[in-house]
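Structure below; questions to follow.
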There are 2 protein chains.
Amino acid sequence: MMAKLNEGLSSQVERVASGYGRRATTIRGATSADAATFSPLYLQIKTLITRGLQGGEWKPGEAIPSEGDLAKRFGVSQGTVRKAIDAMAAENLLIRRQGKGTYVATHQEARAQFRFLRLAPDDARDETSESRILECRRIRASAEIARFLRLKAGDSLVAIRRVLSFDGVPTVLDDIWLDGTVFKGLTAERVSAYQGPLYGLFESEFATPMTRAEERIRAVAATPDAARILAVALHAPLLSVERVSMTYADRPVELRRGLYSTHSHFYRNTLG
Amino acid sequence: MMAKLNEGLSSQVERVASGYGRRATTIRGATSADAATFSPLYLQIKTLITRGLQGGEWKPGEAIPSEGDLAKRFGVSQGTVRKAIDAMAAENLLIRRQGKGTYVATHQEARAQFRFLRLAPDDARDETSESRILECRRIRASAEIARFLRLKAGDSLVAIRRVLSFDGVPTVLDDIWLDGTVFKGLTAERVSAYQGPLYGLFESEFATPMTRAEERIRAVAATPDAARILAVALHAPLLSVERVSMTYADRPVELRRGLYSTHSHFYRNTLG
DNA sequence: GAGTGGTCTAGACCACTGA
DNA sequence: CAGTGGTCTAGACCACTCG
């Protein structure tokens, strides 16, 4: 364990004898320019752990080191590590399991399936779901899409069109645009061959787990295209869900426009 | 301060000398049957504080006692009170203000306006909003509405229909059904006279702050009624938002069905 | 039984607010 | 300045998981 101390996330925290038992000031991390970071120790630790996730030191589904180990590694108390992990668990970046350890959140588990797809059937039955890829090609970013993904117009994108069916009924038509640099090598074959949600593919094959997303929802009339694919009447009301998905450090990497048929499903949301 | 110790929330925590410095077991509270509560101390404290909110000991917008005072009152450490308050702050029941105190969340402040109304304008401009009451009467609950509000069919309800306009453009048509017992004495005059969001009225006049809500969103076609009121074409696509709102202890007290025109607005949501 | 996260305490000091 | 929440530490013990 201690042998791991100075590899990868080798950071230690510097202290200044000025008040606190241990007054946190800056971090001596893998990169410099950290000296400008003025924030509580536990947020600095949170940044370090996030950096480990970004760097792939701990992959989705794997356990991170125990609180005690991390405390030794970063030179802080276990309570401070705990507070950093608490914050990350609240953001669904990490998952705590009493008696076992703390794990990196993953999109490849049954419980995680409905974290981003909030469509539920009217009657609370179990239903099968199936994804069919209609299209997957490389294109150049329009100015609008580039803006959402913080790219430049003309940059490389991967464009995917797919249909989600529940119990055999086509219900969701998704148009997806991905940052071409991050998802280099993504082909129709690889997408079609993959079992499970796309976000599982993104995280396991491209080391890019989606951690957060923002959606803009509207009611729109079905276009001829959408009406045909979703087997609804022309101009039938559909839910339009525009989503920008982010990976670690809130970097946007996916833009998605979904059209949901809400005849026998609804979009569920909780207001707190 | 100490004079307040045995009024209202007079609870103290009983301990058993079995392990912990102080092992939490049960609470001797205002009511009995608490002995069956097996949960960590801080959750028991959370329950006690929630009970204080329910009982009106601290009203929305007011400060609750300091962490130290609550710790003395409940006979636990400040850290335990802190953890209870942290949990409640995460649920937006309380709001911490460093240097000032901890306050009961309220719907009567500028920042709280958009906690439950998630409609935003396409261009991020400031807009005026105006609520017009079309109808407010007492009715008997249908079986369906009764189920949502955990009432019996035939129980008394208050039914309100109102239109929300932004910059003078009618955008939201709400049908609202309220538990008639809780909102006894709610009349069209009182509703129309009130300035600000309805949830402000509910909390200040009926001691019923909404703390949480669940929504089911669909795309629907405008009915003749809705089309007329919202000035859209017949069968134009509208967002249908069905909301069940809860007060303390997750008690449902309001059912609302909103029809949103999403021509120049969208429903914003964040996925974590 | 060893290892992990979960709870609880006690005490110190910091950062912010307002009289 | 006193009072409040915010951070940090150290140490103890509990509850859970798994070999």
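What's counted below: heavy atoms across the whole structure, side chains too, no hydrogens, waters or symmetry copies. Chain identifiers are assigned alphabetically (A, B, ...) following the order of the sequence lines, protein sequences preceding nucleic acid strands; residue numbering begins at 1 within each chain.
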_Distance check needed: D/dC16 C1' versus A/Q98 CD, whole Å only._
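A/Q98 atom CD is separated from D/dC16 atom C1' by 5 Å.
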
*Among A/Q108, A/K59, A/Q54, A/E203, which residue meets the side chain to side chain contact (heavy atoms under 4.5 Å, CB included) test with A/P209?*
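Exactly one pass, corresponding to A/E203.
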
_Listed nucleotide nearest any side-chain atom of A/E67, set C/dT17, C/dG6, D/dT4_ =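 Side chain of A/E67 sits closest to C/dG6.
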
_Could you check whether A/R96 makes a cation-pi contact with A/Y103, meaning its NZ or CZ is under 6.0 Å from the centre of the six-membered ring and within 45° of the ring axis?_
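Pair A/R96/A/Y103 does not count as cation-pi.
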
*Please report, rounded to the nearest Å, how far the C1' atom of D/dC16 is from the OH atom of A/Y103.*
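Taking OH of A/Y103 and C1' of D/dC16, I get 12 Å after rounding.
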
*asked:* Within residues 83-93 of chain B, which residues have any heavy atom lying less than 4.0 Å from an atom of DNA chain C?
replied: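 Per residue number, the list reads B/K83.
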
*Taking for each residue the nucleotide of DNA chain D with the nearest heavy atom, is it A/L43 or A/K100 whose nucleotide lies nearer the 5' end?*
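Its nearest nucleotide lies further toward 5', so the answer is A/L43.
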
*Let me know the distance between CZ of B/R82 and P of C/dT7, rounded to the nearest Å.*
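The distance from CZ of B/R82 to P of C/dT7 comes to 16 Å, rounded to the nearest Å.
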
*asked:* Using the side-chain heavy atoms of B/Y42, tell me which of these nucleotides is nearest: C/dC8, C/dG5, C/dT9.
replied: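 Comparing C/dC8, C/dG5, C/dT9 against the side chain of B/Y42, the answer is C/dC8.
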
*Give a yes/no on whether any side-chain N or O of B/T102 is located under 4.0 angstrom from OP1 or OP2 of D/dG5.*
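Affirmative; the distance criterion is met.
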
_Residues which pass ring-ring contact (aromatic ring centres under 6.0 Å, His included) with B/Y267, listed by chain and number, not counting sequence neighbours_ =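 Per chain and number, B/Y267 pairs via ring-ring contact (aromatic ring centres under 6.0 Å, His included) with no residue.
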
*What is the distance, rounded to the nearest whole Å, between atom CZ of B/R96 and atom C1' of D/dG5?*
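Distance check: B/R96 CZ to D/dG5 C1' gives 6 Å.
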
_Whole-Å gap separating P (D/dT7) and CD (A/Q44)_ =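 So the two atoms are 12 Å apart, to the nearest Å.
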
*In whole angstrom, give the distance that lies between atom CG of B/L41 and atom P of D/dC14.*
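Whole-Å distance recorded here is 14 Å.
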
*With sequence neighbours left out, what residues match A/E127 under side chain to side chain contact (heavy atoms under 4.5 Å, CB included)?*
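A/E127: side chain to side chain contact (heavy atoms under 4.5 Å, CB included) contacts with A/P121, A/R125, A/F166, A/D167, A/H265.
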
*Atom CG of B/D69 and atom C1' of D/dT4: how far apart are they, to the nearest Å?*
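Whole-Å distance recorded here is 10 Å.
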
*Determine: side-chain N/O of A/T80 to OP1/OP2 of D/dT9, distance under 4.0 Å, yes or no.*
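Yes, within the criterion.
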
_Separation of atom CD in A/Q78 from atom C1' in C/dG6, rounded to whole Å_ =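 For the pair A/Q78 CD and C/dG6 C1', the rounded distance is 10 Å.
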
*asked:* I want to verify a distance call: between C/dT9, C/dG18, C/dT7, whose nearest atom is closest to the B/P40 side chain?
replied: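 Nearest to the side chain of B/P40 among the choices is C/dT7.
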
_My understanding is that only one of B/F202, B/F114, B/F116 makes a ring-ring contact (aromatic ring centres under 6.0 Å, His included) with B/H107; could you say which?_
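Result for ring-ring contact (aromatic ring centres under 6.0 Å, His included) with B/H107: B/F116.
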
*Taking 4.0 angstrom as the limit, do B/E214 and B/R243 come out as a salt bridge?*
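Looking at B/R243 together with B/E214, the answer is no, because their closest N to O distance does not fall below 4.0 Å.
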
*Side chains of B/S245 and B/Y199: is there a donor and an acceptor less than 3.5 Å apart?*
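Their side chains do contain a donor-acceptor pair, which is all the 3.5 Å distance test asks for.
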
